[in-house]
Amino acid sequence: MHRLLVRTLTMPALLAILSLGCSQAHSKADVERTAGDSLHDASITMRIKTTYLFNGHLNPFRINVDTRDGVVTLHGTVPSDVHRDLAGEIAKNADGVKDVDNQLSIAQGGGDGPDEADKSFSEAVHDASTSASIKLSLAFERGVKASHITVHTDRGTVTLAGEVDSQAERQLAARIAHDTEGVKHVVNQLQVRG
(Lines give C-alpha, C1' and ligand atoms only; values in the text may rest on other atoms or scores of the structure.)
Protein backbone atom coordinates (compact mmCIF):
# COMPACT_ATOMS: atom_id res chain seq x y z
CA MET A 1 0.00 0.00 0.00
CA HIS A 2 2.79 2.43 0.99
CA ARG A 3 4.74 1.67 -2.20
CA LEU A 4 1.68 2.21 -4.34
CA LEU A 5 1.03 5.53 -2.63
CA VAL A 6 4.66 6.61 -3.07
CA ARG A 7 4.65 5.52 -6.71
CA THR A 8 1.36 7.34 -7.33
CA LEU A 9 2.58 10.57 -5.72
CA THR A 10 6.20 10.52 -6.93
CA MET A 11 5.80 11.65 -10.54
CA PRO A 12 3.29 14.46 -9.87
CA ALA A 13 5.37 15.56 -6.89
CA LEU A 14 8.58 15.56 -8.94
CA LEU A 15 6.84 17.66 -11.58
CA ALA A 16 5.61 20.00 -8.86
CA ILE A 17 9.14 20.35 -7.50
CA LEU A 18 10.54 21.14 -10.92
CA SER A 19 7.84 23.73 -11.53
CA LEU A 20 8.33 25.54 -8.22
CA GLY A 21 10.03 28.85 -8.61
CA CYS A 22 11.61 31.27 -6.25
CA SER A 23 8.39 33.32 -6.14
CA GLN A 24 7.13 31.35 -3.15
CA ALA A 25 6.77 33.68 -0.16
CA HIS A 26 8.10 32.50 3.20
CA SER A 27 6.93 34.03 6.46
CA LYS A 28 9.67 34.38 9.06
CA ALA A 29 6.97 34.27 11.73
CA ASP A 30 6.20 30.64 10.90
CA VAL A 31 7.87 28.44 13.48
CA GLU A 32 7.04 25.15 11.78
CA ARG A 33 8.23 24.45 8.27
CA THR A 34 5.46 23.42 5.93
CA ALA A 35 5.58 20.72 3.28
CA GLY A 36 5.79 23.57 0.75
CA ASP A 37 8.96 24.84 2.43
CA SER A 38 10.50 21.39 2.24
CA LEU A 39 9.46 21.01 -1.40
CA HIS A 40 10.90 24.41 -2.27
CA ASP A 41 14.23 23.46 -0.68
CA ALA A 42 14.15 20.05 -2.38
CA SER A 43 13.62 21.74 -5.76
CA ILE A 44 16.67 23.96 -5.18
CA THR A 45 18.74 20.92 -4.23
CA MET A 46 17.54 19.05 -7.33
CA ARG A 47 18.38 21.97 -9.66
CA ILE A 48 21.92 22.20 -8.25
CA LYS A 49 22.53 18.43 -8.36
CA THR A 50 21.24 18.28 -11.94
CA THR A 51 23.61 21.08 -12.96
CA TYR A 52 26.52 19.23 -11.32
CA LEU A 53 25.51 16.04 -13.13
CA PHE A 54 25.85 17.70 -16.53
CA ASN A 55 29.02 19.65 -15.70
CA GLY A 56 32.09 17.93 -17.15
CA HIS A 57 34.41 19.34 -14.47
CA LEU A 58 32.61 18.14 -11.34
CA ASN A 59 31.93 14.67 -10.00
CA PRO A 60 28.37 15.04 -8.65
CA PHE A 61 28.66 11.78 -6.71
CA ARG A 62 31.26 13.32 -4.42
CA ILE A 63 29.24 16.45 -3.60
CA ASN A 64 26.32 16.43 -1.18
CA VAL A 65 23.86 19.32 -1.44
CA ASP A 66 21.55 20.24 1.45
CA THR A 67 19.10 23.16 1.37
CA ARG A 68 17.19 24.72 4.26
CA ASP A 69 15.20 27.93 3.84
CA GLY A 70 17.09 28.72 0.63
CA VAL A 71 20.52 28.35 2.27
CA VAL A 72 22.58 25.68 0.50
CA THR A 73 25.29 23.70 2.29
CA LEU A 74 27.83 21.76 0.21
CA HIS A 75 29.67 18.78 1.73
CA GLY A 76 32.03 16.26 0.19
CA THR A 77 35.33 16.26 -1.62
CA VAL A 78 36.65 17.76 -4.83
CA PRO A 79 40.10 17.49 -6.46
CA SER A 80 41.13 21.17 -6.16
CA ASP A 81 40.25 24.70 -5.05
CA VAL A 82 39.11 25.46 -8.59
CA HIS A 83 36.53 22.65 -8.41
CA ARG A 84 35.43 23.84 -4.95
CA ASP A 85 34.91 27.39 -6.24
CA LEU A 86 33.09 26.14 -9.35
CA ALA A 87 30.67 24.07 -7.26
CA GLY A 88 30.03 27.07 -5.01
CA GLU A 89 29.37 29.42 -7.93
CA ILE A 90 26.95 26.99 -9.56
CA ALA A 91 25.04 26.72 -6.28
CA LYS A 92 24.97 30.52 -5.80
CA ASN A 93 23.47 31.01 -9.26
CA ALA A 94 20.62 28.52 -8.83
CA ASP A 95 17.11 29.99 -8.61
CA GLY A 96 15.89 30.48 -5.07
CA VAL A 97 19.30 30.32 -3.37
CA LYS A 98 19.78 32.93 -0.64
CA ASP A 99 23.27 31.89 0.50
CA VAL A 100 25.82 29.08 0.11
CA ASP A 101 27.87 27.49 2.88
CA ASN A 102 30.65 25.79 0.91
CA GLN A 103 32.15 23.13 3.18
CA LEU A 104 33.70 21.09 0.36
CA SER A 105 37.15 19.77 1.16
CA ILE A 106 40.05 19.02 -1.16
CA ALA A 107 40.66 15.28 -1.63
CA GLN A 108 44.11 13.98 -0.76
CA GLY A 109 45.85 13.14 -4.03
CA GLY A 110 43.38 15.35 -5.93
CA GLY A 111 41.52 12.45 -7.55
CA ASP A 112 38.16 10.82 -7.36
CA GLY A 113 37.84 7.31 -6.02
CA PRO A 114 37.56 4.43 -8.50
CA ASP A 115 34.11 3.44 -7.23
CA GLU A 116 32.65 6.82 -8.11
CA ALA A 117 34.36 6.96 -11.50
CA ASP A 118 32.94 3.53 -12.37
CA LYS A 119 29.37 4.58 -11.70
CA SER A 120 27.44 4.76 -14.96
CA PHE A 121 25.14 7.60 -15.94
CA SER A 122 22.08 5.37 -15.59
CA GLU A 123 23.19 4.30 -12.08
CA ALA A 124 23.69 7.95 -11.17
CA VAL A 125 20.23 8.88 -12.43
CA HIS A 126 18.67 5.90 -10.63
CA ASP A 127 20.43 6.85 -7.36
CA ALA A 128 19.36 10.49 -7.70
CA SER A 129 15.77 9.42 -8.40
CA THR A 130 15.79 7.11 -5.39
CA SER A 131 17.08 9.91 -3.13
CA ALA A 132 14.44 12.30 -4.49
CA SER A 133 11.67 9.74 -3.93
CA ILE A 134 12.75 9.20 -0.34
CA LYS A 135 13.01 12.95 0.33
CA LEU A 136 9.49 13.45 -1.06
CA SER A 137 8.11 10.63 1.07
CA LEU A 138 9.78 12.08 4.15
CA ALA A 139 8.43 15.55 3.34
CA PHE A 140 4.86 14.25 3.23
CA GLU A 141 5.16 12.09 6.35
CA ARG A 142 3.63 13.84 9.37
CA GLY A 143 5.89 12.18 11.96
CA VAL A 144 9.17 13.20 10.32
CA LYS A 145 10.97 16.55 9.97
CA ALA A 146 12.40 15.93 6.52
CA SER A 147 14.42 19.16 6.52
CA HIS A 148 16.68 17.72 9.23
CA ILE A 149 17.46 14.53 7.30
CA THR A 150 20.08 14.10 4.59
CA VAL A 151 19.54 11.28 2.08
CA HIS A 152 22.36 9.87 -0.04
CA THR A 153 22.01 6.89 -2.37
CA ASP A 154 24.90 4.92 -3.85
CA ARG A 155 24.01 1.95 -6.04
CA GLY A 156 20.83 1.27 -4.09
CA THR A 157 22.36 1.71 -0.64
CA VAL A 158 20.70 4.63 1.12
CA THR A 159 22.42 6.53 3.93
CA LEU A 160 20.28 8.66 6.23
CA ALA A 161 22.09 11.31 8.30
CA GLY A 162 21.10 14.23 10.48
CA GLU A 163 19.22 14.72 13.73
CA VAL A 164 15.70 13.70 14.72
CA ASP A 165 13.60 14.31 17.82
CA SER A 166 12.92 10.71 18.83
CA GLN A 167 13.77 7.07 18.30
CA ALA A 168 10.31 6.62 16.73
CA GLU A 169 11.10 9.33 14.13
CA ARG A 170 14.47 7.66 13.44
CA GLN A 171 12.78 4.29 12.85
CA LEU A 172 10.01 5.79 10.72
CA ALA A 173 12.53 7.53 8.45
CA ALA A 174 14.44 4.26 8.02
CA ARG A 175 11.24 2.35 7.23
CA ILE A 176 10.21 4.94 4.63
CA ALA A 177 13.63 4.68 2.98
CA HIS A 178 13.57 0.88 3.09
CA ASP A 179 10.09 0.72 1.55
CA THR A 180 11.12 2.89 -1.42
CA GLU A 181 11.44 1.04 -4.71
CA GLY A 182 15.05 0.42 -5.74
CA VAL A 183 16.48 0.51 -2.22
CA LYS A 184 18.70 -2.49 -1.45
CA HIS A 185 20.02 -1.46 1.96
CA VAL A 186 19.55 1.41 4.44
CA VAL A 187 22.38 2.76 6.61
CA ASN A 188 20.66 4.70 9.37
CA GLN A 189 23.11 7.28 10.81
CA LEU A 190 20.34 9.49 12.22
CA GLN A 191 21.08 10.78 15.71
CA VAL A 192 18.36 11.34 18.30
CA ARG A 193 18.64 14.75 19.94
CA GLY A 194 18.93 14.62 23.64
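The first residue in the sequence is number 1, and the count goes up from there. This structure is a prediction, so every number in the text was calculated from the model and none was measured. We use all heavy atoms of the structure for the numbers below, so side chains are in, but hydrogens, waters and symmetry mates are not.
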Euclidean distance, [Y] [atom2] relative to [X] [atom1], rounded to 0.5 Å:
X      : Y      : atom1 : atom2 : result
Lys184 : Thr153 : NZ    : OG1   : 11.5 Å
Asp81  : Ile106 : CG    : CD1   : 4.5 Å
Ile44  : Asp95  : CD1   : CG    : 8.5 Å
Leu160 : His178 : CG    : NE2   : 11.5 Å
Thr159 : Leu190 : OG1   : CG    : 10.5 Å
Arg175 : Ser137 : CZ    : OG    : 10.5 Å

### Query
Does one side chain, of Ser147 or Ser38, offer a donor that lies under 3.5 Å from an acceptor on the other?
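No donor-acceptor contact under 3.5 Å links the two side chains.
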With a 4.5 Å heavy-atom cut-off, do [X] and [Y] have their side chains touching?
X      : Y      : value
Asp127 : Asp154 : yes
Phe61  : Leu53  : yes
His148 : Arg68  : yes
Lys135 : Thr45  : yes
Leu86  : Asn55  : yes
Phe140 : Leu39  : yes

Ignoring hydrogens, what is the shortest heavy-atom contact between [X] and [Y]? Give both atom names and the distance.
X      : Y      : answer
Gly143 : Glu169 : O-CG, 3.4 Å
Arg84  : Leu104 : NE-O, 2.9 Å
Val78  : His83  : CB-CB, 3.7 Å
Leu58  : Ala87  : CD1-CA, 4.0 Å
Val97  : Ile48  : CG2-CD1, 4.2 Å
Gly88  : Tyr52  : N-OH, 4.4 Å

### Query
Quick one: do Lys98 and Asp69 make a salt bridge, cutoff under 4.0 Å?
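Asp69 and Lys98: not salt-bridged.
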### Message
Using the rule given for side-chain contact (heavy atoms from CB on, under 4.5 Å), can you reason through Ile149 versus Lys145, listing the C-alpha separation, both sets of side-chain angles and the distance that settles it, and then say yes or no?
### Response
CA-CA 7 Å; Ile149 299 173; Lys145 291 184 181 172; over 6 Å; no
### Query
For the side chain of Ser43 and the backbone of His40, is there at least one donor-acceptor N/O pair under 3.5 Å apart?
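Yes: the side chain of Ser43 pairs with the backbone of His40.
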### Query
Of Leu74, Val72, Asp66, Thr73, which is the lone residue that meets side chain to side chain contact (heavy atoms under 4.5 Å, CB included) with Asp101?
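Among Leu74, Val72, Asp66, Thr73, the one that satisfies the side chain to side chain contact (heavy atoms under 4.5 Å, CB included) with Asp101 is Thr73.
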### Message
In this structure, would Val187 and Val164 fall into the same cluster of hydrophobic residues linked by side-chain contacts under 4.5 Å?
### Response
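Not linked; separate clusters.
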